[in-house]
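Take a look at the structure below.
Note that the structure is predicted; figures quoted are calculated from it, not measured.
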Amino acid sequence: MLKMIIADDEQIILDGIKESIDWKSYDIEVAGTARNGIEALKLVNSAEADILVTDIRMPGLSGLELVKEIRKARQDIRIILISAYEEFEFAQEAISLGVQSYISKPLKKQKIVDEVSKARDAILKEKLEKENQTRLEEMYKNNLPILREYFHNNLIMGRLKSMGDLTKQFDLYEIDLEESNVGVVVLTVDNRTENLKDLLDKSFQLVNIRIAEMARDFMPSCYKKIIFQSYNNEVVVVYNAGSNFAAAIKDATFMAEKIKNTIFHEIQVSVSAGIGRIYPYLRDTYLSYQEAVKALNYRLVYGNNTVLYIDNVEIKEMKHAHFFNDLSETLVNFQNTLSTGMADEVMKLIKTKIYQIVGCTSIPYYYVQQVYCQLLSTLLKTLYEMNITPEQLYDTPVNLYGEVFSKNTLDEIEKWYDDLVERACAVINQKKAEKVSGVISSAVNYIKENCKRDISLGEVAEFVNLNPSYLSRLFKEEKGIQFVEYVRNIKMEMAKEMLKNSNKKIYQICEELGYQSVQYFSTIFKNTVGMTPIEYRKICKTK
């Protein structure tokens, strides 16, 4: 409830304004009345009144003098002036003193209620706005670290070009940085998912906090800087290099070396750093950041636990045409060898050819990725031609190309691809075994159905749609004997069955099994069974 003071030198007016209106129903409390300006001033201060209704002419202090005294200490109180005079100069001066309204006598009850209600509404609106402003300022204060991090990440992502005066934003986010000669260092934990399992894991965040702490300590204080964690979970240092760029790069390198060595000594976690070039304008910070990340990518060539400055690792004009020629021929050999399923031979080819191509220390990291992408493409093509899907290698959906680009070092990508080849060869061999088993099964059924006549390897090979020599080799691998020997054994088993369970003549059995000569048939039977057909029949009859 708001507090109101009423001041007038006529008691009847005081009583009329106070008693004739139910002010509580308007959420107003009459905190006191005064017959002169001096009493009114004391009441306003002691009661901490929100509204003052005062006559313009009073003893001690006039209404206008009272307003002037109140305004020395209070700007928020709402003042309504009452007067029987309507002189223009009074109204004009009242407005200059911030008086809300000016009511002329004789007073009307509704007019007083309306003006006081307006004052009340204005006060409540102002209080609500102040509360909202206070709440927003508190929210801003509480969320300042998040807003600052958002600004930092926009800075390194190149999203600040159209964001106005950066100096004002530095003040807004409490950032101590200049807009000239800016460089970036990016530090990251190597093998993050292997060493710390999860980027959201507490241990990972603690490592990043420790890296940031050391960056503040180890980067010389002469460099203004901001240090934060990027949305890619890297620790980023943006610094003002001053006029001596070479010295700044040297100091940034020393800082990064000291951090990686300290972290490894403390918790045996490998950390690498990439350092970008220094640029003259803050708006180009994203270029230095991109170069620092690019330098980090050269871990694929130089390995983990390294500090890499972009000018030292980036190869600007290299010609690798001869590598591509070697690669094309190697990929053909790779596909042919892989299709055999012989993992040892495939790995031998990769180690002697591919490792030789990517093992050059001057090769760009992105060329290494390109080589392995082509290797992966060739492997997938080979599997596709054999009706094998990548999911069959891992029993789950996989993004194999994503795996290529997720590896930080040559050792990581080599181990991953070696495992992929082993998996592929295992599935290829399983597929081939299933296929061979089916082919041989079809061939055996055909032989059994047609062996009562002369049957050749070529005839069976044509039936199963294979080259005769290849079928012969598969027979040997699957059955352990040559095709001709297998057919002969089938015929001899059938001959034994007929000799035992029928009264057919020897020559009739010979003809049914596709032999032209009884003597030849008898010789083969004896070599196979250990006795002549006649001897075998006699033994069977005596049993």
Problem set entry | Lys/Arg N to Asp/Glu carboxylate O, D419 vs K415, below 4.0 Å | no

Exercise. Using 4.0 Å as the upper bound for N to carboxylate O, is an ion pair formed by E213 and R210?
Worked result: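 Salt bridge between R210 and E213, a charged N being under 4.0 Å from a carboxylate O: yes.
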
cation_pi([X], [Y]) dist<6.0 Å, angle<=45:
X    : Y    : answer
K225 : Y239 : no
K407 : Y372 : no
R283 : Y281 : yes

For this session: Sort out for me which residue in T409, D190, N305 forms a side chain to side chain donor-acceptor pair (under 3.5 Å) with R299.
Result: D190

How about [X] and [Y]: do any of their side-chain heavy atoms sit closer than 4.5 Å?
X    : Y    : result
V346 : C425 : yes
L155 : L282 : yes
K496 : L499 : no

Problem set entry | Aromatic plane relationship, F334 with Y417 - under 30° parallel, 30 to 60° tilted, over 60° perpendicular |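 If you compare the ring of Y417 with that of F334, the planes turn out tilted.
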
Near [X] [atom1], under 6.0 Å, is it more than 12 heavy atoms from other residues, nucleotides or ligands?
X    : atom1 : answer
Y394 : OH    : yes
D344 : CG    : no
N465 : CG    : no

Can any side-chain N or O of [X] pair as donor or acceptor with the backbone N or O of [Y] at less than 3.5 Å?
X    : Y    : result
T285 : I156 : no
D284 : Y279 : no
N181 : A241 : no

Exercise. Should E493 and N489 be marked as a side chain to side chain donor-acceptor pair (under 3.5 Å) after you check the CA-CA gap, both sets of side-chain angles, and the distance that decides it?
Worked result: CA-CA 6 Å; E493 288 298 320; N489 289 344; over 6 Å; no

For this session: Please check if any side-chain donor atom of E149 sits under 3.5 Å from a side-chain acceptor atom of Y231, or the reverse.
Result: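 No donor-acceptor contact under 3.5 Å links the two side chains.
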
Problem set entry | Residue pair Q229, N208: steps toward the side chain to side chain donor-acceptor pair (under 3.5 Å) verdict | CA-CA 8 Å; Q229 181 169 300; N208 269 3; 2.7 Å; yes

Exercise. Side chain to side chain donor-acceptor pair (under 3.5 Å) between N467 and S469: does it pass, once the steps are laid out?
Worked result: CA-CA 6 Å; N467 179 277; S469 60; 2.4 Å; yes

